[in-house]
Amino acid sequence: MDQLPALPLAILLFFVALVLFLLARRQQRQSGLPAGRVIYTDTQGWLRLEKPLYSSELNLTGKPDYLVEQQGQLIPVEVKSSRRVTAPYDAHINQLGAYCLLVESCYGKRPPYGILRYPDKTFAIDFSPELEDRVLFILQEMQSQVSSKNINRSHQSPERCAGCGYRHLCDQALRI
Ligand code: SF4
């Protein structure tokens, strides 16, 4: 195969990267979640929580990896191990949004954003009203599932049931 000259190849790669970036941005906008800004942070001053945060008002408990105080605000930080991320994952944004809700409920201060830290990038995610609504909706869904009397098994894996701590209470356990 003929070798592509170095300059056209570089231009081609640039356009491929640009298209991938724009697609990721479009997907993010369609999900309705904040896109996140890449930030550079100094991890000094990040405080590990001793106990999980609990809000009876939200009926929610959770433990962000760190809390950091910045200009009088408390910012939750969640650390993830996924590598080479170009944009934060929706599930991680939702989890961080739940921590923002917990911080607001427990400390009476609304965090303007939370931080998602991946091994090679750190993002600030705005705690927007849209993110709050989305997290509240997910929580409501989860809580109504949990309080429902008829929760159906969501898998066909006998091995999973064999190792399950609720097997003795469950009327849907699979036999091996
Ligand atoms: S025993 Fe019941 S609760 Fe546990 S994994 Fe199986 S179906 Fe789920």
Side-chain angles (χ1 to χ4, degrees), residues 20 23-24 26-36 43 46-68 74-111 113-176:
L20 288 175
L23 280 174
R26 195 176 72 164
Q27 202 177 18
Q28 192 77 51
R29 270 200 300 272
Q30 283 171 344
S31 75
L33 292 175
T43 56
W46 286 18
L47 300 173
R48 270 201 181 276
L49 284 179
E50 304 225 326
K51 288 192 296 183
L53 302 175
Y54 171 68
S55 163
S56 55
E57 175 196 6
L58 296 165
N59 189 18
L60 180 67
T61 186
K63 192 165 178 276
D65 288 317
Y66 299 94
L67 278 184
V68 55
L74 278 177
I75 311 294
V77 181
E78 185 63 10
V79 178
K80 297 294 181 192
S81 58
S82 324
R83 296 190 172 272
R84 290 187 287 280
V85 293
T86 52
Y89 294 121
D90 285 1
H92 297 168
I93 295 177
N94 291 335
Q95 184 185 3
L96 188 68
Y99 293 151
C100 289
L101 272 178
L102 271 173
V103 168
E104 183 175 8
S105 176
C106 295
Y107 297 99
K109 288 181 181 177
R110 182 182 177 87
Y113 62 92
I115 293 175
L116 271 179
R117 184 171 178 84
Y118 295 94
D120 30 31
K121 258 188 201 141
T122 302
F123 296 91
I125 309 290
D126 288 338
F127 185 41
S128 62
E130 292 75 23
L131 178 56
E132 178 175 3
D133 286 349
R134 185 183 173 102
V135 172
L136 287 172
F137 174 77
I138 294 170
L139 285 177
Q140 211 173 29
E141 287 285 295
M142 284 168 55
Q143 286 164 357
S144 73
Q145 286 280 327
V146 169
S147 61
S148 155
K149 290 199 172 95
N150 299 312
I151 303 175
N152 291 320
R153 178 169 24 83
S154 62
H155 64 88
Q156 296 296 329
S157 166
E159 292 76 19
R160 195 159 149 191
C161 291
C164 174
Y166 298 100
R167 188 181 171 81
H168 61 294
L169 298 172
C170 177
D171 61 3
Q172 297 196 29
L174 294 167
R175 292 177 191 282
I176 293 191

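Remember, it's a predicted structure, so these values are computed and weren't measured experimentally. For ligands, and for the atoms within them, numbers begin at 1 and follow the listed sequence.
Side-chain atoms of P64 and L49, non-hydrogen and from C-beta on, do get closer than 4.5 Å to each other.
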query: Does the pair C161 and H155 meet the rule for a side-chain contact (heavy atoms from CB on, under 4.5 Å), with working shown?
result: CA-CA 9 Å; C161 291; H155 64 88; 3.6 Å; yes
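When distances to atom 6 (Fe) of ligand 1 are checked against a cut-off of 2.8 Å, C161 contributes an N, O or S atom below that limit.
In plain terms, the two heavy atoms of I125 and P88 that are nearest each other are CD1-CG, 3.7 Å.
Considering each of A173, C170, P158, the one bringing a non-hydrogen atom nearest atom 2 (Fe) of ligand 1 is C170.
Taking the six-membered ring for Trp and the full ring otherwise, the centers of H92 and F123 sit at least 6.0 Å from each other.
The contact set between ligand 1 and R153, taken as ligand atoms under 4.0 Å from a residue heavy atom, comprises 7 (S).
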